[in-house]
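Below is one structure, written out as structure tokens; the observations come after it.
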2 protein chains.
Amino acid sequence: MKYLHIPYYLRLRDSLAKKIEEGSLLPHTKLPSERDLKDAYDINRVTVRQALMQLESEGLIYRLIRRGWYVSPPRLFYDPTKSVSFMDNVRAQGRVPETVILSKTEMAASDWVNRTMDIAVGAPVYLLRRRRLIDGRAVLVEHINVNPVLCPGLLDLPLECSLTETLKEQYGIKISRTVINMYPAPLDSTQAEELQVVAGAPCLYLTRASYDQHDNIVEFDQEFWRHDVLEISMEVNNA
Amino acid sequence: MKYLHIPYYLRLRDSLAKKIEEGSLLPHTKLPSERDLKDAYDINRVTVRQALMQLESEGLIYRLIRRGWYVSPPRLFYDPTKSVSFMDNVRAQGRVPETVILSKTEMAASDWVNRTMDIAVGAPVYLLRRRRLIDGRAVLVEHINVNPVLCPGLLDLPLECSLTETLKEQYGIKISRTVINMYPAPLDSTQAEELQVVAGAPCLYLTRASYDQHDNIVEFDQEFWRHDVLEISMEVNNA
DNA sequence: GTATTTTTCTGGTATAGACCAGATTTGAAT
DNA sequence: ATTCAAATCTGGTCTATACCAGAAAAATAC
């Protein structure tokens, strides 16, 4: 005997998903409040939230903390094998990028920086933290660790645009090799707040180690993307 | 005035996460039942489930439907830029791969197959469905569509191993170009059941279009990975 | 008109309880 | 000893209710 009953929370999920897919709910539209949905579908608010969280995990809707639930915009294509900057990539897909500097400091290298960047513990390292937005919506925060030996005074230059370009034009540094890692991870409370997301929400954690033409590690970047923003897309030639 | 109280569900999350990270709970260990955790931490079962689902979304634990919660094994590194087969990749990381054929059929090409594979609607296409396991745990199901014109009789050959190798050795087909896409998506009820996961659970959806030396599309692969299995890892040379 | 306070609305956390379906274990019948 | 049925345990779904903190809107004071 098979279980055939479709749970209420999946019915609401399907109902909303259908409206989103057929376009009667456009990106960034606010959904009715949880209490309104509860009344409209005559189910408990807990069940409503189960449906909403399901849709959130699928990337169909997102929430602004204590403000409401909204329809997600389409994902941004990202090709890790191409070194296209965030700004260029977003613009190329007809959308509007933005960068906000959260902080820029010179710090003493920690043990972790020592291991990942081969900088002596206590030696100076630049830490740049930025938030980046697409069409006005915060989509990632990044922590960029840079070796100041290779680019002294970097923090006094404009940092809203592509770092890679600045490194090339101002310091003659050409990134020749990049090591990328990514997997889902939870956001800690600081970054969650900066993305206006509940603490612990899943994100796509992406690290990028960039090496110059002499194989020095120039930059170690940690990116915390909202989990529903990216679609990884790439072409590989099997030589 | 800032909100400082740490919610109960996050405390339980942290408590379990700590035990997992420090190794006092080993991979594939069964956690106490939800009702036992509820009693042990003196909180409501709903709150316990909130913590467990949080850990699940982080990939630290997984569940076998109606059987319990278990500690997740480490992620498998996967480099999409290298064409290493599943079997080889799993073995290279000291783990035991397994493949189960779910079905193999010759079908009439659908509209969707026509668009993705450039095969006339109604013309034959091979569909191979496999489940793959690591250390006895189902981690993905895949739907492989193959153009039979390029490899007649393929379905009568052994299909448990690397398809790419079979295509090369039996038909002289060399995959020269691959287009890969991936993003999180929900599992439909069929695949969810095949992975012993609740319907709608998030997975990593990965598609792979493989072209031969004459740029014919040989194979279109849809892979549904458990969301907590992979860590994408790659090195890019910026020529 | 503008600033400030108050109220209302929103989602976030939490409790207590209930019943279901499937997996597992127990116990009884053979 | 083996088979089969019953009891138990597990997670899955759902209701009703409560209070909190922060965001937004409305009302008030200046």
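Note on naming: letters A, B, ... go to the chains in the order of the sequence lines (proteins, then strands), and numbering restarts at 1 for each one. Just the heavy atoms: all of them, side chains too, but no hydrogens, waters or symmetry mates, feed the values below.
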- Task: Send over the distance from L52(A) CG to dG11(C) P, rounded to a whole Å.
- Result: 8 Å

- How would you label the contact of R63(B) with the nucleic acid (heavy atoms, under 4.0 Å): base, sugar-phosphate, or nothing? sugar-phosphate

- For P73(B) and R95(B), the nearest pair of non-hydrogen atoms, with its separation, is CB-NH2, 3.3 Å

- Value in whole Å for how far the C1' atom of dA14(C) lies from CG of L37(B): 17 Å

- Query: Which one, dA14(C), dG11(D), dG12(C), comes nearest to the side chain of R49(B)?
  - Reply: dG11(D)

- Query: Starting at CG of D39(B) and ending at P of dC9(D), how long is that distance when rounded to a whole Å?
  - Reply: 13 Å

- Message: At less than 4.0 Å, is any side-chain N or O atom of T47(B) found next to OP1 or OP2 of dT15(C)? Yes or no.
- Response: yes

- Quickly work out the Y41(A) OH to dT15(D) P distance and round it to whole Å. 15 Å

- Task: Answer with yes or no whether R35(A) presents, from its side chain, a donor or acceptor under 3.5 Å of a partner atom in the base of dG11(C).
- Result: yes

- Query: Should the pair R137(B) and Y62(B) be classed as cation-pi, given the thresholds of under 6.0 Å to the six-membered ring centre and 45° from the axis?
  - Reply: yes

- If only side-chain N and O atoms of S33(B) are considered, is one of them under 4.0 Å from the OP1 or OP2 phosphate oxygen of dC9(D)? no

- Are any of Y8(A)'s side-chain N or O atoms less than 4.0 Å away from OP1 or OP2 of dC14(D)? no

- May I have the distance from I65(A) (atom CD1) to dA21(D) (atom P), rounded to whole angstrom? 14 Å

- Task: Measure the distance from CZ on R66(A) to C1' on dC19(D) and round it to the nearest whole Å.
- Result: 12 Å

- Message: Any heavy-atom pair between the side chains of N181(B) and L206(B) that's under 4.5 Å?
- Response: no

- Of the candidates dA14(C), dT13(D), dA23(C), the side chain of R67(B) sits closest to dA23(C)

- Y9(A) side chain, from C-beta outward: closest of dT13(C), dC14(D), dG11(D): dC14(D)

- Query: Is there a donor N/O on one and an acceptor N/O on the other, under 3.5 Å, for the side chain of N44(B) and the base of dA16(C)?
  - Reply: yes

- Query: What is the distance, rounded to the nearest whole Å, between atom CH2 of W69(B) and atom P of dA23(C)?
  - Reply: 17 Å

- Item | Any R45(A) side-chain N or O less than 4.0 Å from OP1/OP2 of dA16(D) | no

- Side chain proximity check, V48(B) to I43(B), heavy atoms < 4.5 angstrom: yes

- Task: Can you tell me the distance, in whole Å, between the CG atom of D42(A) and the C1' atom of dT13(D)?
- Result: 16 Å

- Message: A side-chain contact here means heavy atoms from C-beta on lying under 4.5 Å apart; do L230(B) and W225(B) qualify?
- Response: yes

- Which part of the nucleic acid, if any, lies within reach of I43(B) when heavy atoms closer than 4.0 Å are counted: base, sugar-phosphate only, or nothing? sugar-phosphate

